[in-house]
Chemist: 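The structure under discussion is supplied below as structure tokens; questions concerning it will follow.
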Amino acid sequence: MDNLHIIFENQNYDIHDFHEFIGRLPDKNYGRTVLLMKRNQELIFTILHLMNQKRTFIPVDPTLPIERIQYIINDTKADFIYNNTDVFLDPLSYNNGHGNKTPSENIAYILYTSGSTGYPKGVKITRDALFNFMDGVSEVIDFSAGKRIACFTTVSFDIFLLESIAAVWKGLTVVLANEKEQYNPKLMAQLIQDQAVDMIQMTPSRMQLLLNYDKTLSCLKHVKEIMIGGEPFPLTMLRDLQKKTTAKIYNMYGPTETTIWSTICDLTHEDQISVGYPIKNTKIYIVNNQLSILPDGQAGEICIAGKGVASGYVGRKDLTAEKFVYLPEKPNIRVYRTGDVGRILPNGSLEYLGRTDNQVKLRGHRIELEEIESNLNQFEGVKQSIVTTLKTSETDLMLEAFYVSDYYIQPKVLMDFLSRKLPSYMIPITFKQVKKFFYTENGKIDRKRVPECEEIEKEDFTLENVRDLNPMQRQIFEAILAILDPRIHNVTLDSNFVRIGVDSLTFIEIITELENKYKFSFEDDMLFIDAYPTIRSMVEYVEHRLPS
């Protein structure tokens, strides 16, 4: 802590700034504190302070829908809320000052993940688990004091803690990206280069974003360690990184319930993907449906034991008992049932093979499809719904919603409804009305056959109101349309990118394609999806930037 060093927006902050900041904090010894904070050095300072005080922090991304934020606050029975954002909270919607004023559970933090019931669930991670993780990951990867690590991850994703708190604890300098630098590959690359970053941690999706922008990865030429995790690591990406960087390349695996990462694999010189070996005080078991331990080489459910295992879920004794169990052959060892399928390879490393349920990973975020369906079914007129995923590239998926209704519902209306309840990454890209679903013999909707369902087609308005465009504007518009997924219908000049389901990766593809096609560069402030209220505004911007 004495060597605390944070760089944010080219400003340097150290232990003196930390002490000056905490001197302004309210003098309260509350047990559970919700952090609804702007992304800057004060966010990290506050977490460090609460850890020093052995108090529980609950990090909440202020960009989440207000309904979800207030649910989390109420569910945790928070004693104190630190809110320095412009998010307005209804004071009657949560229990303020009447919660858990003693740290009897020794809980370091509570993090909320998607839940199959329609509501997120809070995972309780102990201080012992967090410190074991810090020691375990630094035994495998070089976290030498003085190195610089970039922090791109949002605070509500537990790998943020590796890039911030674990790094500070080990004496590293944290280069904290602001909101623009988090998602804009041009600014991301610039930050890595300008701040001489030594270590980066990314999901494959975010790394692909960087690869799409900087195809030679020149921005990573001085990076010494690349940590990839949160989604399956494509072999082609590994080969790209091996060719284009001199960095050590690590694949990381672990659910929130076992404290950030549980296994690590050094893939620097490997030609196949594995998630590696357990970190310190961690054990992996592969089991069958009866929880019997399977021999090496056989595929089964991955169970994780050790100091990193969470104490359970907030207020969910039933779910805690279901997911945190004792194996018949190991009655004294408590394990977390991940729902992931894997096997132990001949060299002793763990191979990840997929899921046993309807949980998916999308750009690093863990999503229970049933949570989306449960919320979609609340919309008046939707009788039944199923949400599925469609692979759009090696590193990306898209969510598709299928629904049965007596009448047509505009996708924008459904998107707006869900956006009041769910994070943006949980909003399906497309909504398809079908006549009926297929059912299995036991009366459940057959998810595997959902894409076969007969869709009720609607008129496509893609070329509506283009008559007033000049030839150059029409060419730009058609270039944008060519990149959009063909499953996105009803695109007009007055469509909003977000409303029609364009995600950040597709948006960057559009930017890159237009820059390459017309030989110009977007201004930094225009590299964000919310800079364009309509597609027409982008068409006009591009035309304005072209040489006359």
Side-chain angles (χ1 to χ4, degrees), residues 65 67-68 114 116-119 357-360 362 365 367-392 396-466 480-503 505-507 534-535:
E67 188 174 315
R68 196 175 185 88
S114 179
S116 59
T117 62
Y119 297 97
D357 56 17
N358 298 314
Q359 185 188 109
V360 299
L362 184 63
H365 297 285
I367 298 172
E368 299 278 1
L369 297 178
E370 288 97 336
E371 182 175 1
I372 306 173
E373 294 160 3
S374 176
N375 281 279
L376 187 54
N377 290 341
Q378 293 174 29
F379 187 89
E380 186 176 354
V382 173
K383 292 182 173 181
Q384 291 175 306
S385 67
I386 289 291
V387 177
T388 64
T389 59
L390 186 68
K391 198 171 181 66
T392 55
D396 206 20
L397 300 171
M398 64 177 276
L399 295 172
E400 288 192 300
F402 297 80
Y403 70 93
V404 174
S405 176
D406 290 335
Y407 54 87
Y408 174 67
I409 306 168
Q410 289 187 353
K412 180 182 181 300
V413 173
L414 295 173
M415 284 182 175
D416 288 346
F417 176 75
L418 290 179
S419 67
R420 295 194 294 271
K421 298 173 174 292
L422 300 172
S424 58
Y425 59 83
M426 292 179 70
I427 310 298
I429 298 294
T430 61
F431 293 81
K432 295 181 178 180
Q433 183 182 1
V434 297
K435 290 185 176 180
K436 62 179 181 179
F437 290 119
F438 296 104
Y439 289 84
T440 61
E441 290 183 359
N442 61 6
K444 294 184 178 180
I445 294 176
D446 190 341
R447 287 180 174 271
K448 293 180 181 178
R449 298 190 64 190
V450 166
E452 301 173 26
C453 294
E454 185 178 354
E455 185 179 354
I456 299 176
E457 294 292 341
K458 296 299 168 187
E459 184 178 358
D460 191 338
F461 298 102
T462 299
L463 296 180
E464 181 185 295
N465 71 10
V466 298
I480 294 171
L481 289 179
I483 300 165
L484 296 180
D485 192 290
R487 288 170 293 272
I488 300 177
H489 299 292
N490 303 322
V491 181
T492 74
L493 281 164
D494 297 320
S495 296
N496 174 273
F497 283 112
V498 174
R499 296 299 184 199
I500 61 173
V502 174
D503 58 35
L505 289 175
T506 305
F507 181 74
T534 64
I535 294 179

Chemist: Working to the nearest 0.5 angstrom, can you tell me the gap between Ser374 OG and Lys421 NZ?
Modeler: 9.0 Å
Chemist: Nearest 0.5 Å, please: how far is CD1 in Ile429 from CG in Leu390?
Modeler: 11.0 Å
Chemist: Short question: side chain of Glu400, backbone of Lys432 - any donor-acceptor pair under 3.5 Å?
Modeler: no
Chemist: Shortest non-hydrogen contact from Leu493 to Thr534?
Modeler: O-CB, 3.5 Å
Chemist: Considering only NZ, NE, NH1 and NH2 on the basic side and carboxylate oxygens on the acidic side, decide whether Asp416 and Arg420 come within less than 4.0 Å.
Modeler: no
Chemist: In Å, rounded to the nearest 0.5 Å, how long is the span from CE of Met426 to CG of Leu376?
Modeler: 11.5 Å
Chemist: Would you say the rings of Phe431 and Tyr403 are close, in the sense that their centroids are separated by under 6.0 Å?
Modeler: no
Chemist: What's the spacing between Ile372 CD1 and Ile367 CD1 if we round to 0.5 Å?
Modeler: 5.5 Å
Chemist: Side chains of Asn377 and Ser385 only: does a donor on one sit below 3.5 Å from an acceptor on the other?
Modeler: yes
Chemist: How many angstroms lie between atom CG of Leu414 and atom NZ of Lys412, to the nearest 0.5 angstrom?
Modeler: 11.0 Å
Chemist: If you look at every heavy atom in Val382 and Ile409, which pair is closest and at what distance?
Modeler: CG2-CD1, 3.9 Å
Chemist: Would you call Arg447-Glu373 a salt bridge at under 4.0 Å N-O?
Modeler: yes
Chemist: Give a yes or no on whether the backbone of Gly381 and the side-chain of Ser405 come within a donor-acceptor separation of less than 3.5 Å.
Modeler: yes
Chemist: Ignoring hydrogens and geometry beyond distance, is a side-chain donor-acceptor pair present between Glu371 and Ser114 at under 3.5 Å?
Modeler: yes
Chemist: Look at atom CD of Glu452 and say whether more than 12 heavy atoms of other residues, nucleotides or ligands are closer to it than 6.0 Å.
Modeler: yes
Chemist: Roughly how far, to the nearest 0.5 Å, is CD1 of Ile535 from CD1 of Ile480?
Modeler: 6.0 Å
Chemist: Report the relative orientation of the aromatic rings in Phe379 and Phe417; use parallel for angles under 30°, tilted for 30 to 60°, perpendicular for over 60°.
Modeler: perpendicular
Chemist: Taking all atoms of both residues into account, what is the closest heavy-atom pair of Phe437 and Val404, and its distance?
Modeler: CE1-CG2, 3.6 Å
